[in-house]
Trainee: 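The structure under discussion is supplied below as structure tokens; questions concerning it will follow.
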There are 2 protein chains.
Amino acid sequence: MTSQAADGPDTVTATRRSKITPEREREFFDAVLEQVRECGYDSVTMEGVAASTRCSKSTLYRQWKTKPQFVAAALRSARQARFTGIDTGSLADDLRGAARAAGEWSGKDTRLLQALGHAVMQDRELQQALREALVDPEIAALREILRRGVERGEVAADHPALEYVPAQMFGVLRVRPVLEGEYADPEYLVRFVEAAVLPALGLT
Amino acid sequence: MTSQAADGPDTVTATRRSKITPEREREFFDAVLEQVRECGYDSVTMEGVAASTRCSKSTLYRQWKTKPQFVAAALRSARQARFTGIDTGSLADDLRGAARAAGEWSGKDTRLLQALGHAVMQDRELQQALREALVDPEIAALREILRRGVERGEVAADHPALEYVPAQMFGVLRVRPVLEGEYADPEYLVRFVEAAVLPALGLT
DNA sequence: GTGTACCGATACGATTCAGTACCGGTACAC
DNA sequence: GTGTACCGGTACTGAATCGTATCGGTACAC
């Protein structure tokens, strides 16, 4: 359940009503996200997830009322910052680092975003879960990198290109599959940062 | 039928086996694309399209064998270059013009791309139709703009930022809804070109 | 031990939708 | 007129899939 984080030190697993251990829950979440990436949101079925994790549909429906709620829970559980902790002291190197980190997750995240991109327009909870899981943390980390660069005086606070850096990074990341048929890898993104983003910021 | 372009001067409409006029066909195509934008590819139903155009399912299935083929045909029919004919003699102005043109179509095209983004992975014909309709023409036109700029000597042929211009334009176009919750309008894209693309190309 | 609460399996009803089949009606060719 | 070929409407089959209900089994609490 979504409430189980509230009551759960380790040994208390015994006290838990549910026999679904956190590890088991992870299996469910991994399975459903993988199915979403594979087949698209609409084509994901509870039966499919149940089969692939060898549990019964009943078990899934006991824990989560509906498919959207299930997927949203899975998304929330997958939340993690891809590139926090990047802090080299140089804006250019930080951006290169972010590009590299983004490129490493590119395939999985992009497929997920792609697969959910439209479903999200119809379900508020799903939309928010997606933003919290894949969008907001990255944007925040990126803005933090930029903020530090401004603070160090590497770029003017009102530099017009600043506001577009996140959109550039994620935009290029997401459209490369469409334009070139392959996911943006770290090399591609780093070259992009060096060829376009840094020059635009005046960091040659 | 897909073959009707081959046999059709004007008056020959009489000779046509089909009573589906090109205008009527347009209605079908517009309706199905609108449904795709609205509900997503998977949720589009032949029955829905039939109802919204007041024809019968039979009629649709007589013309197109399956749903993917129907949607692909609709996409192909929607093919049109958004920004050919932009040629001001200045690379910077051409790019501004392209940005403005792209921004004007942004909502419709982005929604379509979003809605089809995943379905396309499972159906080759659909994928190709989508590329031909929404991706390739724009890319080609953009590359042509850049080529002319190079030819005029406004930017070096091997300038590293050149290769990323199309990806940036379409990337920013497509992710703005995700990041900021609204489609990229012409103003946004023109400002982006001026703040980031032109500086990166050394065209202050 | 005994009881409780959850598990997995399976079966079920309801719904939705792709695609087919059949119908009577009608516009146009000749 | 008569025939042909297509139209729109409706009904149908068959396959998924949602979500519910039922059932026997089992791990853990006490």
Side-chain angles (χ1 to χ4, degrees), chain A residues 1-4 7-28 31-32 35-36 38-73 119 122-123 126, chain B residues 1 3-4 7-8 10-28 31-32 35-36 38-74 119 122-123 125-126:
Chain A
M1 283 292 283
T2 51
S3 63
Q4 78 188 42
D7 57 20
D10 346 88
T11 42
V12 190
T13 314
T15 322
R16 286 278 312 117
R17 282 280 141 260
S18 170
K19 290 186 190 166
I20 305 250
T21 62
E23 295 76 35
R24 186 68 169 135
E25 196 179 60
R26 267 251 62 80
E27 284 180 48
F28 294 152
V32 71
Q35 275 209 20
V36 168
E38 210 67 40
C39 324
Y41 175 79
D42 283 337
S43 301
V44 167
T45 69
M46 298 298 253
E47 277 179 282
V49 176
S52 76
T53 54
R54 294 216 280 209
C55 76
S56 78
K57 268 202 302 176
S58 325
T59 302
L60 297 181
Y61 279 112
R62 275 183 209 114
Q63 312 288 328
W64 302 279
K65 294 209 182 302
T66 66
K67 182 169 104 168
Q69 286 181 22
F70 181 32
V71 175
Q122 333 234 328
D123 187 305
L126 210 54
Chain B
M1 280 290 284
S3 63
Q4 78 189 38
D7 57 20
D10 347 273
T11 43
V12 190
T13 314
T15 322
R16 286 275 315 117
R17 283 278 142 260
S18 171
K19 290 185 191 165
I20 305 255
T21 62
E23 295 74 38
R24 186 69 170 132
E25 197 179 61
R26 267 253 62 81
E27 284 180 47
F28 294 152
V32 70
Q35 275 209 19
V36 169
E38 209 67 40
C39 325
Y41 175 80
D42 283 337
S43 301
V44 167
T45 70
M46 298 297 255
E47 274 175 291
V49 176
S52 77
T53 55
R54 293 215 280 215
C55 74
S56 77
K57 268 204 300 179
S58 326
T59 302
L60 298 180
Y61 279 110
R62 274 183 210 115
Q63 313 288 329
W64 303 279
K65 294 208 183 306
T66 66
K67 181 170 107 169
Q69 285 181 24
F70 180 35
V71 175
Q122 332 236 329
D123 188 304
E125 185 180 359
L126 211 54

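Order of the sequence lines sets the chain letters (A, B, ...), proteins ahead of strands, with each chain counted from 1. Just so you know, these numbers come straight off a predicted model, no measurement behind them.
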Trainee: Using atom CZ of A/Phe28 as one end and atom C1' of C/dC7 as the other, report the distance to the nearest whole Å.
Mentor: 10 Å
Trainee: Taking protein heavy atoms under 4.0 Å as touching, what does nucleotides 18-27 of chain D look like 5' to 3' if B marks base contact, S marks sugar-phosphate-only contact and - marks none?
Mentor: BBBB----BS
Trainee: Is it the case that the side chain of A/Ser52 and the backbone of A/Val49 share a donor-acceptor pair, with hydrogens and angles ignored and the cut-off at 3.5 Å?
Mentor: yes
Trainee: Which residues pass the side-chain contact (heavy atoms from CB on, under 4.5 Å) test with A/Tyr61, not counting sequence neighbours?
Mentor: A/Met46, A/Lys57
Trainee: To the nearest angstrom, how far is A/Leu60 atom CG from D/dT17 atom C1'?
Mentor: 14 Å
Trainee: Tell me, with the steps shown, if A/Phe70 and A/Gln63 meet side-chain contact (heavy atoms from CB on, under 4.5 Å).
Mentor: CA-CA 8 Å; A/Phe70 181 32; A/Gln63 312 288 328; over 6 Å; no
Trainee: Considering just the side-chain nitrogens and oxygens of B/Gln63, establish if one lies under 4.0 Å of OP1 or OP2 belonging to D/dC7.
Mentor: yes
Trainee: With a 4.5 Å heavy-atom cut-off, do B/Val32 and B/Phe28 have their side chains touching?
Mentor: no
Trainee: Just the dot-bracket of DNA chain D, please: which string comes out with Watson-Crick or G-U pairs under 3.5 Å, [ ] for crossing, | for another strand?
Mentor: ||||||||||||||||||||||||||||||
Trainee: Whole angstrom is fine here: how far is it from CZ in B/Arg24 over to C1' in D/dC6?
Mentor: 13 Å
Trainee: Reckon B/Thr59 has a side-chain N or O less than 4.0 Å from the OP1 or OP2 of D/dG8?
Mentor: yes
Trainee: Which residues pass the side-chain hydrogen bond (donor to acceptor under 3.5 Å, both in side chains) test with A/Arg24, sequence neighbours left out?
Mentor: A/Glu27
Trainee: With sequence neighbours left out, write down each residue that passes side-chain contact (heavy atoms from CB on, under 4.5 Å) with A/Thr45, or none if nothing qualifies.
Mentor: A/Glu47
Trainee: Restricting to side-chain hydrogen bond (donor to acceptor under 3.5 Å, both in side chains), what partner residues turn up for A/Thr53, sequence neighbours left out?
Mentor: none
Trainee: Who pairs with A/Ala72 by side-chain contact (heavy atoms from CB on, under 4.5 Å), at least two apart in sequence or on another chain?
Mentor: A/Arg76, A/Glu125, A/Leu126, A/Ala129
